[in-house]
Amino acid sequence: MILIIGLGNPKKEYQETRHNAGFKAIDKIKEDYNFPEFSFVKKIQAQIVKGEINNQEVILAKPENFMNLSGESVFKIMNFYKIEPQQTIIIHDDIDIVLGNIKIIKNRGSGGHRGINSIINKNKNNDFARIRIGISLLQKPKN
């Protein structure tokens, strides 16, 4: 089983902000692979849906707590479904990457992202994959 978690902020006023890139990515995966509708699971503080991608069972999740506290919900989700960090992918916004670009990393620090920092601190582990979605409108100078 694979767990894919999109980070964002749950309230309606944040729905269209760039910091909800993780939620938007999860919604797109759900749509593209014809997953059913999300259900709120109070015990783990998240919107959850199960489905399959290429014959692999997948859980898509959107934590219902604010991004800076994502670790609380992610920890609960992983424990509830007995999913190891190596089976987990976190999708989140990244101000250090130009809009329209993505980077995929694994086993790294938070890079200053408070949601990722919360996940690493709560789980005492960074052995998960991350898909970092660029939200910066400025081109970074090349070294």
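Nothing here was measured: the structure is a model prediction, and the numbers come from that model.
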Problem - Check: Gln56 main-chain N/O paired with Asn54 side-chain donor or acceptor under 3.5 Å - result: no
Practice task
Check for a donor-acceptor pair, side chain of Asn20 on one end and backbone N or O of Gly8 on the other, with a separation under 3.5 Å.
Solution key: no
Problem - Side-chain donor/acceptor of Ser70 to backbone N/O of Met67, under 3.5 Å - result: yes
Handout entry: Within-4.5 Å side-chain heavy-atom neighbours: Leu7 and Pro63
Key = yes
Handout entry: Member of Thr88, Val41, Leu3 meeting the side-chain contact (heavy atoms from CB on, under 4.5 Å) criterion with Ile77
Key = Leu3
Problem - Neighbour count >12 (heavy atoms, 6.0 Å) for atom CZ, Phe40 - result: yes
Problem - Contact check, side chains of Tyr81 and Ile44, non-hydrogen atoms, under 4.5 Å - result: yes
Problem - Selection residues 49-58 - residue pairs positive for salt bridge (charged side-chain N to carboxylate O under 4.0 Å, His left out), sequence neighbours left out - result: none
Practice task
I would like to know whether Val58 and Tyr33 meet side-chain contact (heavy atoms from CB on, under 4.5 Å); could you show each step before the answer?
Solution key: CA-CA 11 Å; Val58 174; Tyr33 289 94; over 6 Å; no
Practice task
Count the heavy atoms belonging to other residues, nucleotides or ligands that lie under 6.0 Å from NZ of Lys106, then report whether that count exceeds 12.
Solution key: yes
Check: residues 21-30 side-chain donor-acceptor pairs under 3.5 Å, at least two apart:
{"from": "Lys24", "atom 1": "NZ", "to": "Glu16", "atom 2": "OE1", "distance (Å)": "3.0"}
{"from": "Lys24", "atom 1": "NZ", "to": "Glu16", "atom 2": "OE2", "distance (Å)": "3.2"}
{"from": "Asp27", "atom 1": "OD1", "to": "Lys62", "atom 2": "NZ", "distance (Å)": "2.8"}
{"from": "Lys28", "atom 1": "NZ", "to": "Asp32", "atom 2": "OD1", "distance (Å)": "3.0"}
{"from": "Lys30", "atom 1": "NZ", "to": "Glu37", "atom 2": "OE2", "distance (Å)": "3.4"}

Practice task
Only counting residues at least two apart or in another chain, list the ones meeting side chain to side chain donor-acceptor pair (under 3.5 Å) with Gln45.
Solution key: Lys76
Practice task
Could you tell me whether the side chain of His113 reaches within less than 4.5 Å of the side chain of Asp93, counting heavy atoms only?
Solution key: yes
Handout entry: Pro85 vs Met78 side-chain heavy atoms within contact, under 4.5 Å
Key = yes
